[in-house]
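Working notes, structure below.
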Amino acid sequence: MNKVRVGVLASGRGSNLDALIAAAKAPDYPAQIVLVISNNPDAGALAKAQDAGIATVVVDHRPYKGDREAHERAIDAALKAADVELVALAGYMRVLTPVLVDAWAGRMLNIHPSLLPDHPGLDTHQRAIDAGDIEHGCTVHWVTLGVDEGPIMGQARVHVLPDDSEQSLAARVLAEEHKLYPACLGQAAARLRAAGKAS
Ligand code: GAR
């Protein structure tokens, strides 16, 4: 089986990346991670990718001095040079411009740690607690220009417990992220292939 070629963009520790790498090891999983790109040279995700024998590219945003489009053109070039067919944002903590969003329309997924449309942006777990939510969770969605908007592909829910701290709630949500993202990425890859839009 030809697996759909996936590029992952990550800025931080890379636990979701790890979950995707683990899932992709199954022979019948329809996607393979061929490249990990980070804007952060110190990202744990880079070491995790290297441990797994996956190619990595650092495209540090700082030398671009605020030229977000030029930074994204460099990322886009790296994705295309690796023949990537589908992109997964996994803790990529930069707001995207139309350069990447348009280039990868219908081919780019994001995972967000809330039940969108509730709590887009940062500090989602504390905000769920402060809002008195009884349910919280995570969302995988297609990337469009609006931050943390875009058609939802899947969600996973957890109960918010009376004695939850931000940390305890984050840990339960993260465990769900690690199941939800591989499931959604696999579905997205299978759909691309079925539509004749992937190798
Ligand atoms: C995850 O919780 C992910 O949902 C979140 O960053 C974390 C990355 O963790 N993403 C966002 O907040 C994007 N808006 P990881 O590096 O261990 O996968």
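For this chain, numbers begin at 1 and follow the sequence in order. Order of listing sets the numbers, starting from 1, for every ligand and every atom in it.
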Name the closest protein heavy atom to atom 2 (O) of ligand 1, giving the residue it belongs to and the distance to 0.1 Å. E177 OE2, 2.9 Å
Please test H141 against H112 for ring pair (Phe, Tyr, Trp, His ring centres under 6.0 Å), starting from the C-alpha separation and ending with a verdict. CA-CA 8 Å; H141 64 95; H112 181 76; 7.2 Å; no
Atom 5 (C) of ligand 1: which protein heavy atom is closest, and how many Å away? P113 CD, 3.8 Å
Checking D164 side chain against L161 main chain: does a donor-acceptor pair fall under 3.5 Å? yes
Do V6 and V59 land in one hydrophobic cluster if side-chain heavy atoms of ILVMFWY residues count as linked below 4.5 Å? no
Taking a hydrophobic cluster as the set of Ile, Leu, Val, Met, Phe, Trp and Tyr residues connected by side-chain heavy atoms closer than 4.5 Å, whether directly or through intermediates, do M108 and L86 fall within one such cluster? no
Part of D148 with heavy atoms under 4.0 Å of ligand 1, whether side chain, backbone, both or neither: side chain
Relative to the heavy atoms of N16, which atoms of ligand 1 are at a distance of less than 4.0 Å? 1 (C), 15 (P), 17 (O), 18 (O)
S15, any N or O under 3.5 Å of ligand 1 N or O: yes
Under the side-chain contact (heavy atoms from CB on, under 4.5 Å) rule, what do V4 and Y29 come out as? Steps first, then yes or no, please. CA-CA 9 Å; V4 173; Y29 191 77; over 6 Å; no
Result for side chain to side chain donor-acceptor pair (under 3.5 Å) between T97 and one of E72, H71, R73 points to E72
Residue, atom name and distance, where the atom is the protein heavy atom closest to atom 14 (N) of ligand 1: H112 ND1, 3.2 Å
I need the nearest protein heavy-atom contact for atom 10 (N) of ligand 1: residue, atom name and distance, please. I111 O, 3.6 Å
Does the side chain of H136 come under 3.5 Å of the side chain of D118 through a donor N or O and an acceptor N or O? no
So which protein heavy atom does atom 9 (O) of ligand 1 come closest to, and at what separation? R13 NH2, 3.3 Å
Give me the nearest non-hydrogen protein atom to atom 8 (C) of ligand 1 as residue plus atom name, then the distance to 0.1 Å. G91 CA, 3.6 Å
Is there any N or O on G14 that sits under 3.5 Å from an N or O of ligand 1? yes
